[in-house]
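Nothing here was measured: the structure is a model prediction, and the numbers come from that model. Computed over heavy atoms, backbone and side chain alike; hydrogens, waters and symmetry mates excluded.
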Amino acid sequence: MRLVEPDAPEISKPRCNTELAKGLLASGSLRQLLEGPVRIERSGRTDRYRRTLASIVAPAGNVADILIREGLAIPYKPGFDAYQQRAAHWCPEQGRGPTSPTQAGERS
């Protein structure tokens, strides 16, 4: 299962140390949000890996909205240009990030 909306910084293959640090903060925040009862709302769609896309609603609200509001995620947009914008967002010291879709590891 994958959350529908947010694009959080990577921790398994971060593009820079700043992204790793922000990713660890996002992961910790997500763990805290998931400690209480949650409701899973399936979107009826899947990603290219056939994972179910869903929203998670915790007592504090929609998990994706909370992570975005806290600056621990940004709204996901598909495409390589959007990938480069995300790379620049999480790693501003490195500029635009990878220059090929293969390096990007873009999801659909």
Side-chain angles (χ1 to χ4, degrees):
M1 192 170 291
R2 182 176 204 104
L3 290 176
V4 173
E5 179 64 23
D7 183 55
E10 297 292 332
I11 56 175
S12 63
K13 293 182 182 176
R15 292 164 278 222
C16 65
N17 288 335
T18 302
E19 182 175 30
L20 176 60
K22 291 177 182 178
L24 292 171
L25 288 173
S27 180
S29 182
L30 179 61
R31 280 193 184 93
Q32 287 180 335
L33 289 167
L34 297 178
E35 284 180 357
V38 298
R39 185 175 74 249
I40 297 172
E41 298 176 349
R42 297 172 191 269
S43 71
R45 298 178 295 147
T46 58
D47 67 7
R48 71 178 179 178
Y49 302 108
R50 298 173 44 157
R51 293 177 290 201
T52 298
L53 297 173
S55 296
I56 298 178
V57 181
N62 181 294
V63 170
D65 292 343
I66 293 167
L67 292 174
I68 291 169
R69 187 172 53 247
E70 292 179 350
L72 299 174
I74 56 177
Y76 176 75
K77 294 178 186 170
F80 185 67
D81 288 341
Y83 171 83
Q84 288 187 314
Q85 290 170 1
R86 291 190 303 273
H89 177 83
W90 298 123
C91 297
E93 67 277 5
Q94 292 186 0
R96 292 183 56 87
T99 56
S100 76
T102 302
Q103 289 175 299
E106 186 62 28
R107 69 180 189 208
S108 59

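Residue pairs meeting the side-chain hydrogen bond (donor to acceptor under 3.5 Å, both in side chains) criterion with at least one member in residues 57-74, sequence neighbours excluded, are Ser29-Glu70.
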* Asked: Between Asp7 and His89, does a side-chain contact (heavy atoms from CB on, under 4.5 Å) hold up when you go through it step by step?
  -> CA-CA 11 Å; Asp7 183 55; His89 177 83; over 6 Å; no
* To do: Quick one: do Trp90 and Ile74 satisfy side-chain contact (heavy atoms from CB on, under 4.5 Å)? Show the steps, please.
  => CA-CA 10 Å; Trp90 298 123; Ile74 56 177; 4.1 Å; yes
* Show your reasoning for whether side-chain contact (heavy atoms from CB on, under 4.5 Å) applies to Ile11 and Leu20. => CA-CA 5 Å; Ile11 56 175; Leu20 176 60; 4.1 Å; yes
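Criterion: ILVMFWY side-chain heavy atoms under 4.5 Å apart, direct or through other members. Under it, Leu34 and Leu25 are part of a common hydrophobic cluster. Cluster annotation: Val38 is connected to Ile66 through the hydrophobic network of ILVMFWY side chains, with a link wherever side-chain heavy atoms come within less than 4.5 Å.
Looking at Arg15, its side chain never comes within 3.5 Å of a backbone N or O of Ala88 through a donor-acceptor pair. Side-chain atoms of Gln94 never come within 3.5 Å of backbone atoms of Cys16 as a donor-acceptor pair (strictly under, hydrogens ignored).
Side chains of Pro14 and Pro9 form no contact here, defined as non-hydrogen atoms less than 4.5 Å apart.
Here the closest heavy-atom approach between residue Ala58 and residue Leu33 is recorded as CB-O, 3.5 Å. For the residue pair Pro59 and Pro37, the shortest heavy atom distance occurs at CD-O, 3.0 Å. Summarising the geometry of Lys22 relative to Leu72, their closest heavy-atom pair is O-CD2, 4.4 Å, with the distance given to 0.1 Å.
With rounding to the nearest 0.5 Å, the separation of CD in Glu41 from CG in Leu53 is 13.5 Å. Remark: Ser43 OG to Glu5 CD distance equals 11.5 Å, nearest 0.5 Å. Between the CD atom in Glu93 and the CD atom in Glu19 there is a gap of 9.5 Å [rounded to 0.5 Å]. The distance from the CE atom of Met1 to the OG1 atom of Thr46 is 12.0 Å, given to the nearest 0.5 Å. In this structure, Leu3 CG and Leu30 CG are separated by 6.5 Å, a value rounded to the nearest 0.5 Å. Remark: Phe80 CZ to Arg86 CZ distance equals 10.0 Å, nearest 0.5 Å.
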